[in-house]
Amino acid sequence: MAKQFEALEASAQTLLSVFTRAGYEAVSPAIIQPADVFLDVVGETLRARTYVFSDPDGDELCMRPDLTVPTCRLHVERHPQGAVPAKYSYNGPAFRFQPMGGDLAHTREFRQTGIESFGNPNREEAEAEVVTTIAEGLATAGLTDYELRFGDLGLLRAILRAADMPARWRRRLTHHFWHPPAFQRELKRLTLSPGAASEHIPKELRDTLDPDDPETAESAVAGYLEMSGIEAIGARTTAEIAECLLDRVADARAEPLAAKTANLIQSYVGIVTPAADSTKRIRALAAEMGISVEEVVGAHEWRLELMARAGIDLGRATFSAEFGRALQYYTGFVFEGRPRRGRGRPHRPSSRSPQRRDAMTTAASERLILGVPSKGRLMEETANAFAGAGLTLRKTGNERGYRGEIVELPGVDVAFISASEIAWYLKTGRVHLGVTGEDLVSEQMSDAPARVATLKKLGFGRADVVVAVPNCWIDVRTMSDLSEIALPFRRVHGRWYRVATKYLNLTRRFFAARGLADYRIVESLGATEGTPAAGTAELIVDITTTGTTLAANGLRILDDGLILRSEACLMASNAAVWSPATERLLGEIRVRMAV
């Protein structure tokens with residue numbers, strides 16, 4: 001490892017020397033950064049892989065997940081206007097959580113060396129210079145066997161601006177482009193039934209809304225809420241709700257997006273071609289659409305020409321129209337150099353390590369450890385479930401203790417711990433069996449089926465993890481609607497809307513699967529349903545049994561907002577050390593509990 005680090009550091013220093021000779025000032029941004037800057041720029045998707053923490057003053061901070069944003073912050077601190085020309089280079093560690101565990105190919109701490117250019121009015125020249133400087137650095141470091149990939153998200157915006165569609169549709173498609181599933185859904189909706197969402201507007205309100213008379217819409221919405229006895233809570237105003245409803249009504253009156261236009265947009269997004277042929281392909285597509293995007297295509301062509309003059313081999317470069325849509329702060333030209341096919345990152349080994357079986361673990365593994373809830377109804381119902389199978393859970397020592405036994409199975413030790421701790425102990429193998437909720441297991445384990453085996457659903461502790469919004473959001477019924485209001489909300493409030501929850505991972509996975517990334521999670525440790533009314537969040541993800549508490553706090557569940565149906569289960573840990581003795585005890589429990 002030491003030699004590998006020394007080799008990487010030597011390569012980084014070689015790159016840095018090339019960058020500084022080219023006029024890029026070497027800077028060293030702070031490792032600890034304000035978390036909100038990253039989260040506003042890259043959203044919750046990257047937050048799931050960022051080491052975020054709070055300092056003693058309560059400020060949310062993070063270990064920098066890359067050096068681009070910190071370098072941008074440094075430039076703005078020096079030049080508040082931002083447009084001052086400056087060039088920077090950097091070399092230092094960055095940090096990202098690896099969900100499957102770290103290894104040589106996916107390290108939690110990695111070195112990033114790069115350059116940034118700001119404020120150059122000759123944009124294409126600056127971009128070509130960056131590519132050329134990077135290529136020179138790689139060559140000097142002895143890295144020559146790579147291929148280039150280019151993209152330009154400004155081209156898509158130009159095509160959407162020129163296409164025949166209402167401005168509001170352009171805004172939505174541009175916003176959704178960074179989230180492919182949402183982009184596809186929106187393009188399909190505009191082509192087939194752009195006004196479908198208006199059908200969910202209450203008829204008595206819909207009949208009063210006129211897109212040509214927006215002044216009366218806000219009072220109409222306020223009147224409807226008052227008449228319906230719906231309290232307006234949270235930061236989102238009736239004016240914002242009225243604006244969204246007016247767009248829905250306007251969509252219902254508009255002709256669908258021409259299928260030819262939608263198909264050509266799809267064709268552009270699907271372009272992958274040698275970089276030298278890209279301008280020809282884009283011009284042909286524009287001609288077929290009957291639009292002119294010559295200004296941006298010409299800029300793209302000029303950038304390629306400048307790179308070729310500087311010695312960049314365009315024969316090793318590919319243009320991909322959708323390259324760069326992974327992160328929303330990419331808005332123009334993007335590129336990457338990567339090893340040629342067959343020379344990429346090594347295969348990722350399994351994160352599961354061999355089980356250690358020395359004398360100590362062998363002795364310990366002769367006894368099976370069962371984790372059960374330590375208090376309340378869950379403890380009582382767990383004891384009843386085992387008693388119904390002829391197994392008596394009994395505390396040893398005193399009633400306030402946390403150790404116990406199964407009277408009929410002397411080889412079992414019972415640990416009385418919280419349900420959330422049981423999920424963690426199952427994940428790490430500290431217990432063989434545990435009774436806990438599916439919600440807690442799914443929250444703590446993105447790969448739960450690989451880590452635990454659900455032996456039996458026990459029929460109690462039932463509850464649903466759901467997405468709930470204020471009742472006054474009469475324009476939001478589905479997750480798709482939630483995506484639609486993100487951009488207008490940010491335009492008005494200067495931030496993404498906040499989701500209060502204790503289910504951080506379940507929320508991120510559920511939202512990401514539906515193409516939503518433009519939101520901020522606010523971690524809630526209790527009374528989550530009260531956060532919208534208190535003004536600390538706009539909506540929530542929480543667990544509910546009857547929905548009564550949600551309704552009492554002016555909230556309702558989205559039509560497609562069910563994340564998980566949960567109940568208490570008896571689960572077995574795949575990470576625990578299983579010996580013949582514990583396997584035998586498991587077999588007896590399975591027979592008794594009819595698993």
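- Under a 3.5 Å cut-off, the side chain of T107 and the backbone N or O of E109 do form a donor-acceptor pair.
- A 6.0 Å sphere centred on CH2 of W424 holds no more than 12 heavy atoms belonging to other residues, nucleotides or ligands.
- No side-chain donor from either of H200 and D481 sits under 3.5 Å from a side-chain acceptor of the other.
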Step by step, work out the side-chain contact (heavy atoms from CB on, under 4.5 Å) result for V465 and V541. CA-CA 7 Å; V465 182; V541 169; 3.8 Å; yes
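- With R462 contributing its side chain and E567 its backbone, the two residues share no donor-acceptor pair below 3.5 Å.
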Passes side-chain contact (heavy atoms from CB on, under 4.5 Å), T454 versus V441? Steps please. CA-CA 10 Å; T454 300; V441 169; over 6 Å; no
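- Contact check for I540 versus E529: side-chain heavy atoms found under the 4.5 Å cut-off.
- No donor-acceptor pair under 3.5 Å is formed between the side chain of R108 and the backbone N or O of R96.
- Inter-residue side-chain proximity for V452 and N574 is flagged as unmet; no heavy-atom pair is nearer than 4.5 Å.
- Checked against the 6.0 Å centroid criterion, the rings of F416 and Y402 do not qualify as a close aromatic pair.
- In this structure, the separation between CZ on R168 and CG on L487 is 15.0 Å, given to the nearest 0.5 Å.
- Atoms OG1 and CH2, on T174 and W169 in that order, are 14.0 Å from each other to the nearest 0.5 Å.
- A donor-acceptor contact shorter than 3.5 Å is absent between the side chain of R477 and the backbone of A197.
- For the pair R509 and F511, the NZ or CZ position fails the cation-pi test of under 6.0 Å to the six-membered ring centre and within 45 degrees of the ring normal.
- Side-chain atoms of D560 come within 3.5 Å of backbone atoms of M479 as a donor-acceptor pair (strictly under, hydrogens ignored).
- Using a 4.5 Å heavy-atom cutoff, the side chains of E443 and L504 are in contact.
- In this structure, the side chains of D413 and L368 stay at 4.5 Å or more apart for every pair of heavy atoms.
- With R206 contributing its side chain and S198 its backbone, the two residues share a donor-acceptor pair below 3.5 Å.
- Tested against H493, the residues E240, R498, E538 include a single side chain to side chain donor-acceptor pair (under 3.5 Å) partner, E240.
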Run T549 and T544 through side-chain contact (heavy atoms from CB on, under 4.5 Å) and show every step you take. CA-CA 8 Å; T549 304; T544 182; 6.0 Å; no
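- Put simply, the side chain of D475 never gets that close to the backbone of C244: no donor and acceptor are under 3.5 Å apart.
- Within a 6.0 Å sphere centred on CZ of R495, heavy atoms belonging to other residues, nucleotides or ligands number more than 12.
- Side-chain atoms of R430 never come within 3.5 Å of backbone atoms of L426 as a donor-acceptor pair (strictly under, hydrogens ignored).
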May I have the step-by-step check of salt bridge (charged side-chain N to carboxylate O under 4.0 Å, His left out) for E243 and R491, ending in yes or no? CA-CA 12 Å; E243 181 184 4; R491 187 178 69 244; 2.7 Å; yes
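- At distances below 3.5 Å, at least one donor-acceptor pair connects side-chain atoms of R556 with backbone N or O atoms of W473.
- When all heavy atoms of C62 and T50 are compared, the pair lying nearest together is CB-CG2, 3.7 Å.
- The structure places CG of L482 at 10.0 Å from OH of Y519, a figure rounded to the nearest 0.5 Å.
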Would L257 and L187 count as a side-chain contact (heavy atoms from CB on, under 4.5 Å) if you check the C-alpha gap in whole Å, the side-chain angles of each, and the deciding distance to 0.1 Å? CA-CA 8 Å; L257 181 67; L187 196 59; 3.8 Å; yes
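- At least one donor-acceptor pair under 3.5 Å links the side chain of T382 to the backbone N or O of L378.
- No salt bridge links E380 with R377; every basic N to acidic carboxylate O contact stays at or beyond 4.0 Å.
- E231 approaches C472 most closely through the heavy-atom pair O-CB, 3.6 Å.
- Side-chain N/O atoms of E408 and T392 include a donor and acceptor closer than 3.5 Å.
- For CD of E204, the number of neighbouring non-hydrogen atoms (other residues, nucleotides, ligands) closer than 6.0 Å is greater than 12.
- Atom CD of E226 sits in a sparse spot, with 12 or fewer heavy atoms from other residues, nucleotides or ligands closer than 6.0 Å.
- Taking each heavy atom of A220 and L209 in turn, the nearest pair found is CB-CD2, 4.4 Å.
- Residues L433 and L455 meet the side-chain proximity criterion, which asks for heavy atoms closer than 4.5 Å.
- Here D439 does not pair with K502 in a salt bridge; the nearest charged N to carboxylate O distance is not below 4.0 Å.
- With a 4.5 Å cut-off on side-chain heavy atoms, L153 and W178 count as touching.
- Note that the NE2 atom of H179 and the CG atom of L516 stand 7.5 Å from one another [nearest 0.5 Å].
- Using a 4.5 Å heavy-atom cutoff, the side chains of L190 and R172 are in contact.
- Under a 4.0 Å N-O distance rule, the pair E588/R584 qualifies as a salt bridge.
- Contact record, S483 with H176: OG-CE1, 2.9 Å, taken as the closest heavy-atom pair.
- The pair R520-E60 meets the salt-bridge criterion, with a side-chain N (NZ, NE, NH1 or NH2) lying under 4.0 Å from an Asp/Glu carboxylate O.
- Donor-acceptor pairing under 3.5 Å is lacking for the side chains of S480 and T478.
- With values rounded to the nearest 0.5 angstrom, L539 atom CG is found 9.0 Å from L555 atom CG.
- A distance of 5.0 Å separates CZ of R592 from CG of L391, quoted to the nearest 0.5 Å.
- A 4.5 Å side-chain heavy-atom check between D518 and H175 finds at least one atom pair inside the cut-off.
- Taking each heavy atom of S374 and M379 in turn, the nearest pair found is O-SD, 3.2 Å.
- We find that K457 and E438 are joined by a salt bridge, their nearest charged nitrogen and carboxylate oxygen being less than 4.0 Å apart.
- Nearest heavy-atom pair, V435 versus A568, reported as atom, atom and distance to 0.1 Å: CG1-CB, 4.5 Å.
- For E484 and R171, the salt-bridge test fails: no basic side-chain N is under 4.0 Å from an acidic carboxylate O.
- The residues R189 and D251 are annotated as salt-bridged, a charged nitrogen and a carboxylate oxygen being separated by less than 4.0 angstrom.
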